[in-house]
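Since the structure comes first, as structure tokens, the remarks are kept for the end.
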Protein chains: 2
Amino acid sequence: MKTAREQCEASNTLKNAGLSQTSHRKRILHILIHADTPLSVSDILRQLDQERKMNKVTVYRILSSFKSEGIIREIPTDHGVNRYEMACQHNPVHPHVYCRICRTMTCMPPITLSQVWDLFAAPSDFRIDNINVSITGLCRTCQRK
Amino acid sequence: MKTAREQCEASNTLKNAGLSQTSHRKRILHILIHADTPLSVSDILRQLDQERKMNKVTVYRILSSFKSEGIIREIPTDHGVNRYEMACQHNPVHPHVYCRICRTMTCMPPITLSQVWDLFAAPSDFRIDNINVSITGLCRTCQRK
DNA sequence: ATCATAAATGCAACAGGGTTGCAAATATTA
DNA sequence: TAATATTTGCAACCCTGTTGCATTTATGAT
């Protein structure tokens, strides 16, 4: 029985997705695998730059390919900044809690929507302003193109 | 029994929220009330400009005050563009379906998350890439400030 | 190993959403 | 109607994310 972190190991992940084994991709995977919250591009750049700089365009392109291959999941926020988490470590899909002031995002256990409501009906540390459920994909028209 | 559109009527909405009755606010409310999908700021500006131009800063500020007062609900998208819907016309909170190509957003009936899964497990016109559940608000630390 | 080809990366410049400071215009209250 | 507080417009700006093109790096066949 492998742990989620082993299953997500960089070179296997890239091989399974049919992506070439570049040092850039491995570095970004390494950061995502060891993150304990979903990361933004600026979070990733900051971590990369501690060791060796990487161009932001490269980061965007790598994340874009990871997203297409289903390696990572993208989470939009109110502030227009997307965050990313490893799909294999964060299964199944689960709610995220986001503070609109300090912009901290944390993962919740994978429960149903009505359970989310129940959870926050009780007195809690977190004051909810808004709950969003978004289903993103391709509409019928755009699938044909 | 009033219809949702009557309940949302502009001058009452502003009065209840304690906001002054400016023509700008009424124009934006009018557009939101008559929208059949959640609108982005550029959607709103485009509609406004057909009649008489309004500065985009004003639109952002008005939407921001509406959001603080709970008059409208904000829905983030993968593309970093927020969309807005009248809270009183769109109760309770419900999922949104968003096409990542044409960027069309539509409202779904207010069902639970597991029902959403069931709905899309069956053959469907819409191909799901990603489901996001986000709870936005204030964490304990930021509530104190 | 080495070479040719395809893919990945860096750089500069750009596009668009959203924000801030300040001056001018408008609404509210007395 | 005048005084004050609020709202609006304008210019300039910040940040996220994208595009085109030149350069570098990985891959696959010889």
Side-chain angles (χ1 to χ4, degrees), chain A residues 10-11 13-15 17-29 31 38-49 51-69 71-72 74-84 98 100-103 105 136, chain B residues 10-11 13-15 17-29 31 38-49 51-69 71-72 74-84 98 100-103 105 136:
Chain A
S11 61
T13 301
L14 291 173
K15 194 193 297 173
L19 295 174
S20 56
Q21 309 265 344
T22 71
S23 62
H24 295 67
R25 290 209 249 252
K26 286 181 196 162
R27 288 176 68 200
I28 291 182
L29 272 180
I31 289 172
L39 301 179
S40 66
V41 168
S42 61
D43 291 335
I44 294 170
L45 279 170
R46 202 174 309 118
Q47 288 198 42
L48 287 167
D49 290 355
E51 183 197 349
R52 183 164 18 98
K53 291 216 177 284
M54 189 183 299
N55 192 279
K56 68 169 181 168
V57 179
T58 305
V59 176
Y60 278 110
R61 286 197 274 232
I62 288 177
L63 290 176
S64 173
S65 67
F66 286 177
K67 187 181 155 195
S68 304
E69 295 300 328
I71 296 174
I72 59 175
E74 186 178 64
I75 308 145
T77 70
D78 283 0
H79 297 95
V81 181
N82 286 329
R83 285 164 176 265
Y84 301 89
Y98 182 69
R100 64 177 155 80
I101 303 289
C102 64
R103 307 191 181 186
M105 178 178 281
T136 304
Chain B
S11 61
T13 301
L14 292 174
K15 194 192 299 176
L19 294 172
S20 56
Q21 312 265 344
T22 70
S23 62
H24 295 68
R25 291 209 248 252
K26 285 182 196 162
R27 288 176 68 201
I28 291 183
L29 272 180
I31 289 172
L39 301 179
S40 66
V41 168
S42 61
D43 291 335
I44 293 170
L45 278 170
R46 201 175 308 118
Q47 287 198 43
L48 285 168
D49 290 355
E51 184 197 350
R52 182 164 21 95
K53 292 215 177 284
M54 190 183 300
N55 191 279
K56 67 168 181 168
V57 179
T58 305
V59 176
Y60 279 109
R61 285 197 274 232
I62 288 177
L63 290 176
S64 172
S65 68
F66 285 178
K67 187 181 155 196
S68 304
E69 295 300 327
I71 296 173
I72 60 176
E74 186 178 63
I75 308 146
T77 71
D78 283 1
H79 296 95
V81 181
N82 286 329
R83 286 165 176 267
Y84 302 90
Y98 181 67
R100 64 176 155 78
I101 303 289
C102 63
R103 308 192 180 186
M105 179 178 280
T136 303

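For clarity, every value in this text was computed on a predicted model and none was experimentally measured.
- For Arg103(A), there are no salt bridge (Lys or Arg N to Asp or Glu O under 4.0 Å) partners at least two apart in sequence or on another chain.
- Residue Tyr60(B) has no polar side-chain atom (N or O) positioned under 4.0 Å from OP1 or OP2 of dT19(C).
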Fill in the blank from the handout: Per-nt protein contacts along nucleotides 3-10 of chain D (heavy atom under 4.0 Å; B base, S backbone sugar-phosphate only, - none) come out as ----SBBB
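- Considering only residues two or more places apart in sequence or on other chains, Asp78(A) meets the side chain to side chain donor-acceptor pair (under 3.5 Å) condition with none of them.
- The distance from atom NE2 of His79(A) to atom P of dT19(C) is 8 Å, rounded to the nearest whole Å.
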Practice task
Just do the side chain to side chain contact (heavy atoms under 4.5 Å, CB included) check on Met54(B) and His24(B) with the steps written out, would you?
Solution key: CA-CA 8 Å; Met54(B) 190 183 300; His24(B) 295 68; 3.8 Å; yes
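- Residue Ser42(B) places at least one side-chain N or O under 4.0 Å from the OP1 or OP2 atom of dG17(C).
- The side chain of Asn82(A) contributes an N or O atom lying less than 4.0 Å from OP1 or OP2 of dG17(D).
- Going from atom CD1 of Ile44(A) over to atom P of dG17(D) covers 10 Å, rounded to whole Å.
- Leu63(A) places its CG atom 14 Å from the C1' atom of dT9(C), with the value rounded to the nearest Å.
- The CD atom of Gln21(A) sits 16 Å away from the P atom of dA7(C) (whole-angstrom rounding).
- Of the N and O atoms on the side chains of Asn55(B) and Thr58(B), not one donor lies less than 3.5 Å from an acceptor on the other residue.
- At whole-Å resolution of the value, NZ in Lys26(B) and C1' in dT26(C) are 13 Å apart.
- Counting only heavy atoms from C-beta outward, the side chains of Gln47(B) and Leu39(B) approach each other to under 4.5 Å.
- Between the CG atom of Leu14(A) and the C1' atom of dA7(C) there is a distance of 14 Å, rounded to whole Å.
- Between Thr22(A) and Ser20(A), the side chains place no donor N or O within less than 3.5 Å of an acceptor N or O (distance only, hydrogens not considered).
- Using a 4.5 Å cut-off on side-chain heavy atoms (C-beta onward), Pro76(A) and Asn82(A) make contact.
- The interatomic distance linking Arg27(A) (CZ) with dT9(C) (C1') rounds to 12 Å, in whole Å.
- Atom CZ in Arg52(B) sits about 14 Å away from atom C1' in dT26(C), given to the nearest Å.
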